[in-house]
Amino acid sequence: MFGFQLDSIPELDHEYYRMEDYQSNIPRWCPGCGDSAILTAVQKLCRDEQLPPEKTVFVSGIGCSSRFPHYMKTYGFHGLHGRAFPIAQGIRIRRPDLHIFVNTGDGDCFSIGTAHWIHAVRMNMRMVVMVHDNNLYGLTKLQSSPTTPEGFKTNTTPRGAYMRALNPLTVTLGITNVSFVAQVAEWMPSLLAQLIEKAYHHPGFAFIRILQRCPAFAPTHFDPMITNPDRMEMLVHENGMVLDDTMARIYKRQIEHDPSNIHRARELAEDREHVPIGLLYHNPQVRQYCELRRPKHVMTIDRLRENLEAEFDKFSVVPQAEKVA
Amino acid sequence: MSVNVTDSARETTGTGKHIVDVPEHIVEIVSDSGEGAQKAAQSFGAICAKMGNGIWTVEIIPAEIQPPPRSIAGASGNRIRIGSFSVTNAGDQADLVVAFNEQVLLGRVQSGNLKPGAIILLESMWRDHHDPEVVRLYTQTVAQLEEDGYQVKEIPMETECLKIVENPRKGKNMFVLGMLCSIYQRDLQLARDQIEFTFQKKSQKVIEANIQLLEAGYNWAEANLDVCFNVPSAHIDEPQIVVNGNIAIGLGVMASGMEVCAMYPITPATSASHYLSDVFENVGGVVHQAEDEIAACAFAIGASYAGKCAVTITSGPGKALKTELIGLAVMAEIPLVLVDVQRGGPSTGLPTKVEQGDLLSVIFGEPGDAPKIVMAPATIEDCFYSIITARKIAETFRMPVIVLSDANLATGQQLFPRPKFNEDWVAPPIDQSPVPEGKKPYDWDPVTGLSERFIPGRPNGMHTVTGLAHDQNSKVAYDNWINQAGCEARSRKLAAFQKTLKTPQVMGDPEGGDLLILGWGSTKGAIEEAVMRVRKDGLSVSSLHLKFLQPMASGIGDILRKFKQTICVEINYSDPKDDFFTADNRRYSNLAWLLRARYLVDVDSWSNVYGQPMKPGDIEQMIRERFATP
């Protein structure tokens, strides 16, 4: 791994990390932005798991969601629009020691970054992926995104969005090697924390779509879901999401769903009447690209010398002694 | 043609044939795709190298994998230039061509690749073909070629090979190799060894059959051909390696200590990654084939950010897609080596053919000011060492380094002294020590703009890199001075690097003269050969070849001003000089634009986009015409 071995690093004096140890700049999201709830849930996870800040990297693309790394006191990579996944994969390929998180949005992930989303799922490299899905483009001031509902008015669809919205869950669940798919809303902080924690412990690509309110451009957009909890379909299981008494009282529509059942997960994802919340699919056995590509050798000077000399020999010609013409 | 061959005929002891001494010869072998002409030619090149000749081989590649057989555009094969000196380019027109059918041969004739009166060894099976149209085309072509003065020798290759193998389509190439060994008096044992090496993964039976074919070709030529040439040894006695430019790049990636190569398939760059895929894991490296060009670049930048500099290898269209990410690497100051094996453009252009058309776009392609280093290897040896240098510069200066190779280097093979592994080539292990208090992630030195980068894992170094304008703490810029300061710091790095560059040396008259030819990249050998030829006739012509195109070394302006005329010879488009194009609208070649802008010198362009390597003879002719019509 880049010429140094993990076991050669001395144990640092253990220090207890508090929430504040993960807090950086004051977020510049709008007041009431759903992103703040995600930020708090993540900082809580870091504290609970005691992640060393220097060993933690938040990678993002472009958009409101993608300002996320700036607000974490860890390493961060605020990349380009749509390109968070391949950057995160590049970070991961030789750094199994790092904790990698990706924060992206519905435009970033499902539109400009679509190709990377599909291939990142298939490659199944270990990282926690949070898609902040507010159903619109916010940073560029209200345009339609792939998940904007049909008929919703934006600046590029002033007479309402023309097409049915993309369903990211069915797409993700249809990709070969998918290993972890969850959906939750940021206004359910306990469930959000629970699913992010599950994602963190998943040995692979853990995909969470987080429904997220945008108070600036669509303040009432998610109200029907908030005021009518029966729109939500809680997927509960001992291996998935569990509801405490309070949540169970609010969200009465509950379905027992075993997250190892991908066929049932796909059916639930297809449901157009209800919004599934919980862990749709989880399979920790799917092979990770990093495992498949883990080098059998550590690059050392001696190994380089031995192999390069052999390569030079392979291509060598040694001119024969000149013949007397 | 300028190589004035002073033929001296001698008599051999064995066969009584006349041996003609020549300082060099250019041989082409062309066939339909899949008939093995390339294997025969590469083997022949290797044998010549072992016998002490300088060589340059270059592939003749159709655009499709299996173009229609017997088609003019389908010619597949190789050109081998062998010399009694160190050969630096593919040369001018061929002296001897072996063709498996007359149509692929016509392709070479029509594109002007044969010397007048060249010897043609042509498969004669078509004369007795069952299709009368094939017979007509064949006989007509042979008659025309003879009328045009070519020495056509019809050879029953198929018939002779059938005596040994059932399917001469696989095997005829070794018969051809045998003939060439007779014509150029190559040591047959070297040829046998070469076959054993080439087919080492095949069965003993295959090897034996190929050796029989080789010997059959040799014996047939000894008995039936009256041509025999001697290209004396180049007095090379140090061990040499023979690789193409793409393999040299692959070797350079390994030698530099880089551990990650991220790529997406694109002609003519991909074979570098093929080679690396085969061997990189042995040293602990990984080749990642990404889902697209953009992802490949992003992956390399991610890997680089998290450790040592990584490389991404592509060609022009791929480079265009990576442009936004190159800007990110500039802005976030993440080292990156990007190899662009240039091909014909614009758009999909000429995927298998050479061009040097990406120079301006790699320097200026990004939005805003994106200073980066651009260098171009001039030889195959240079491809190897350039990658090692590029990795070092990228890490030292925290910026992308673009290495501009091209299709000519990618598929050409040339001898160069066998390198010996040197520890200094290799990147040091990554630093994971705690960052001292008070140090910032972009502690821009006020003079050089340089700063130390903090790799994830280093305690106290936590920060978020960003493509947004940012201050020294990597915080997003909200004050208007910050972007100005950041741009200046990044530009200072380029200026600091520029101060390390040595003024390139003029070949010819450093004190000045009538004409200076300027070039960059793979055209070096052809330009210098042309200049040497005209200098022999007393013309006051010199040449200057640039390795670093951005930034450029000091002293170049002074050199330009010492010459009455300066002209860039490049393989990219420029407008011809005629009445329609005026000083107000004429567009120059890539390097000429750069030199005119920086040095305020009236640098002219002579360039073309035929998709062919520059021929020294064409450059020579251009120079002579300039002197004839002042």
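Quantities reported herein were computed from a predicted structural model and do not represent experimental measurements. Lettering of chains follows the sequences in order, A, B, ..., and the numbering in each one begins at 1.
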> In terms of side-chain heavy atoms, does Asn230(B) have a donor or acceptor partner in Asp21(B) at a distance below 3.5 Å?
Replying inline: yes
> For Asp292(B), is it the side chain, the backbone, both, or neither that has a heavy atom closer than 4.5 Å to a heavy atom of chain A?
Replying inline: side chain
>> With a 4.5 angstrom heavy-atom cut-off, is it the side chain or the backbone of Ala300(B) that approaches chain A, or both, or neither?
In response: neither
> Tell me, side chain or backbone of Val243(B) under 4.5 Å from chain A's heavy atoms, or both, or neither?
Replying inline: side chain
> Does NZ or CZ of Arg83(A) lie under 6.0 Å from the centre of the six-membered ring of Phe299(B), at an angle within 45° of the ring axis?
Replying inline: no
> Should the pair Glu309(A)-Arg305(A) be classified as a salt bridge under the 4.0 Å nitrogen-to-oxygen rule?
Replying inline: no
> Would you say the side chains of Gln189(B) and Asp193(B) form a donor-acceptor pair under 3.5 Å?
Replying inline: yes
> Hey, which of Ser60(A), Ala115(A), Gly79(A) has the most heavy atom pairs under 4.5 Å with chain B?
Replying inline: Ala115(A)
>> Can you see whether Ser474(B) engages His463(B) through a side-chain donor-acceptor pair at a distance of less than 3.5 angstrom?
In response: no
>> Need one label for Phe197(B): side chain, backbone, both or neither, based on atoms under 4.5 Å from any heavy atom in chain A.
In response: side chain
> Is there a donor-acceptor contact under 3.5 Å linking the side chains of His132(A) and Asn103(A)?
Replying inline: yes
> Between CD of Gln42(B) and OG1 of Thr198(B), what distance do you get to the nearest 0.5 Å?
Replying inline: 8.5 Å
> Which bit of Arg67(A) is near chain B, if near means a heavy-atom gap under 4.5 Å: side chain, backbone, both or neither?
Replying inline: side chain
> Salt bridge or not for Arg293(A) and Glu281(B), using N-O below 4.0 Å?
Replying inline: yes
> Hey, is Asp21(A) close enough to Lys73(A) for a salt bridge, meaning N to O under 4.0 Å?
Replying inline: no
> Leu325(B) versus chain A, heavy atoms under 4.5 Å apart: side chain, backbone, both or neither?
Replying inline: both
> Which atoms of Met258(B) come close to chain A, meaning under 4.5 Å heavy atom to heavy atom: side chain ones, backbone ones, both, or neither?
Replying inline: backbone
> Side chain, backbone, both or neither: which part of Ala295(B) has a heavy atom under 4.5 Å from chain A?
Replying inline: both
> Going by distance alone, is a donor N or O of one side chain under 3.5 Å from an acceptor N or O of the other, for Trp117(A) and Thr172(A)?
Replying inline: yes
> Which region of Arg294(A), side chain (C-beta onward) or backbone (N, CA, C, O), has a non-hydrogen atom less than 4.5 Å from a non-hydrogen atom of chain B, or is it both or neither?
Replying inline: neither
> Given that the side chain runs from C-beta out, which part of Tyr289(A) has a heavy atom under 4.5 Å from chain B: side chain, backbone, both or neither?
Replying inline: side chain
> Using non-hydrogen atoms only, which part of Ile55(B) is less than 4.5 Å away from chain A: side chain, backbone, both, or neither?
Replying inline: neither
> What part of Leu304(A) is in contact with chain B, defined as an atom under 4.5 angstrom from a non-hydrogen atom: side chain, backbone, both or neither?
Replying inline: both
> In terms of heavy-atom pairs under 4.5 Å with chain B, which of Phe312(A), Tyr75(A), Phe85(A) leads?
Replying inline: Tyr75(A)
>> Less than 4.5 Å to any heavy atom of chain A: does that hold for the side chain of Val279(B), its backbone, both, or neither?
In response: side chain
> What residue in Val57(A), Asp313(A), Thr56(A), Leu98(A) has the most heavy-atom pairs under 4.5 Å with chain B?
Replying inline: Asp313(A)
>> Under 4.5 Å from any heavy atom of chain A, what part of Arg418(B) do you find: side chain, backbone, both or neither?
In response: side chain
>> Shorter than 4.5 Å, heavy atoms on both sides: which option in Lys314(A), Lys296(A), His116(A) has the most such pairs with chain B?
In response: His116(A)
> Can a donor-acceptor pair be found between the side chains of Thr40(A) and Gln43(A) at a distance below 3.5 Å?
Replying inline: no
>> If only side-chain N and O atoms count, and only distance matters, is there a donor-acceptor pair under 3.5 Å linking Ser433(B) with Asp431(B)?
In response: yes
> Non-hydrogen atoms of chain A under 4.5 Å away: do they reach the side chain of Ala49(B), the backbone, both or neither?
Replying inline: both
>> Between Phe416(B) and chain A, with a heavy-atom cut-off of 4.5 Å, which part of the residue counts as in contact: side chain, backbone, both or neither?
In response: neither
> Given the options Asn25(A), Thr300(A), Ile87(A), which has more heavy-atom pairs under 4.5 Å with chain B than any of the others?
Replying inline: Ile87(A)
